[in-house]
Amino acid sequence: MAVRVALVDCNNFYASCERVFQPHLRGKPIIVLSNNDGCVIARSNEAKALGIAMGEPWHLVRERLPTKGIIVRSSNYALYGDMSARVMQVLARFTPLFEAYSIDEAFLGLAGLGGREEPHLRELRATVARETGIPVSVGFAPTKTLAKLANRFAKKEAACDGVLVLDGAYSALPYLDRCELTDLWGISHRLAARLSAMGIVSPRALAGTDARHMRERFGVVMERLVLELQGVPCIGLEDAPADRKSILCSRSFGRMVTDRREMEEAVATYVARAAEKMRRQNLATAQLHLFLHTNRFRPADPQYAASRTIALNVATADTMRLTTAALDLLGGLWRDGYAYKKAGVMLLELVPARQVQQGLFDKADSNRRKALMTAIDAINRDHGRGTVTLAAAGRTQAWALKSAMRSPRFTTRWDELLAV
DNA sequence: TCTGGGGTCCTAGGACCC
DNA sequence: TCTGGGGTCCTAGGACCC
């Protein structure tokens, strides 16, 4: 039985969270600001109606609008994380095929509803509202990309009343006609510009292209996107939460940093925070990345950006060792005479800390194993139905797996693969 | 004078997402 | 004066190896 996908997305999530415990804020324009109260990261519908844009710098909003009457909140991630968990718990009751995609979105795999999808999803929506106070919109379609599209209209169009069901790729066509390339999941302005230059100026036109041809020009990601628009699922439901692949701690500075000592302190702080996050997840790292740059919003100022990754010969979760490595990197990247605006530390090549303690972590082998794990996950999702065989008999395992993974549908003969 | 082919690993950076 | 933070995936190129 075909599994189809619902995308449930919380409306104006952070702004809605602020409202849950302060009902008097309902009906008023609310915005939530980023760290340092730098820019707008969430808006209620009323704030959107005032023309406040996502990501707009708060100081520009203030210049532009009389801010009297606009409710402004600094972000409160502890609250949003907690509300998110509550919403996800409710959603997970509706299906065993559940993927929490982001703090405010989840994909649900649904099968066997036999045309009763819409009442089912309306019930879901009402339950979330009743039990958490958060309004959600629901899009339903044969693929994730189309579910995203359906969700967009479910949210925007009053006639949908929060739910839009698309039975197949064909019923998506009218909606493809009514949006822009950049409204599609995976198309931002750069790709949209490249597509337009080729004469593909609308989502409908993109859906009408030849997927293989598009792969040649744009790569495997575009091929998947086109197929998904045509109703062919290429992006699977990830029902088990994947392990983190990187952990980042970065900040923009409140004021420019010109002193190396000051930068060293900042870097040490980021390392400590990232390492703490990592230990909480019982992980260790074998690769540390450091970056810093000047203020990109002031092109008239001297610009400098640099980053470097260092491979640690042993995976570790020890803050002191990581700090030493990071300061070492900083020594190589630092240039006097610049005003730095931002810096960050990323921990990569994460492995279970237990493996390190038991001496099981072998760096030379880790990429290969990662590839194997990914391929096996994909095959499990495919339940052995895949049809593409390993065309690489006799080549190395990693190469074969890599080719397999580049296939848009991740299909490999699992028995052959496991025999490799 | 000619100047392989296939593969791994590392690094850097682009593009996109929320 | 004032422009977030945390992620993922993919590609390309160079060093190196056989």
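The sequence lines fix the lettering, A, B, ..., with proteins before strands; numbering per chain opens at 1.
Ring-plane geometry between A/H289 and A/F291 is classed as tilted, the angle between the planes lying from 30 to 60 degrees on a 0 to 90 degree scale.
Checking A/T323, A/L290, A/L292 one by one against A/V345, the side-chain contact (heavy atoms from CB on, under 4.5 Å) holds for a single residue, A/L290.
For the P atoms, the distance linking C/dC17 with B/dT1 amounts to 28 Å, nearest Å.
For the strand DNA chain B, secondary-structure stems (runs of at least three Watson-Crick or G-U pairs, all distances below 3.5 Å) span B:5-18 with C:5-18.
Taking 4.0 Å as the cut-off between side-chain N and carboxylate O, A/E157 and A/R178 count as a salt-bridged pair.
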> Which letter, B, S or -, goes with each nucleotide of nucleotides 12-18 of chain B from 5' to 3', with contact meaning a protein heavy atom under 4.0 Å?
Replying inline: SS-SSSS
> When you check every protein heavy atom under 4.0 Å of nucleotides 4-9 of chain C, what one-letter string (B, S, -) results, 5' to 3'?
Replying inline: BSBSSS
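For the residue pair A/S74/A/D37, the side-chain donor-acceptor check at 3.5 Å is satisfied.
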> When you look at A/E46 and A/R19, which way does the salt bridge (Lys or Arg N to Asp or Glu O under 4.0 Å) test go after all the steps?
Replying inline: CA-CA 13 Å; A/E46 298 78 9; A/R19 264 177 185 163; 2.9 Å; yes
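Distance A/D37 CG to C/dT3 P: 11 Å, rounded to the nearest Å. C/dC2 atom P lies 12 Å from atom CD of A/E63, rounded to whole Å.
For residues 49-60 of chain A, the side-chain hydrogen bond (donor to acceptor under 3.5 Å, both in side chains) pairs, not counting sequence neighbours, are A/E56-A/R64. Residue pairs that meet the side-chain hydrogen bond (donor to acceptor under 3.5 Å, both in side chains) test with at least one member in residues 135-147 of chain A, sequence neighbours left out, are A/N11-A/S137, A/E99-A/K144, A/T145-A/E228.
No engagement by A/R273 is indicated, since no non-hydrogen atom pair under 4.0 Å with the nucleic acid exists.
The salt bridge (charged side-chain N to carboxylate O under 4.0 Å, His left out) test applied to A/R298 returns A/D301, not counting sequence neighbours.
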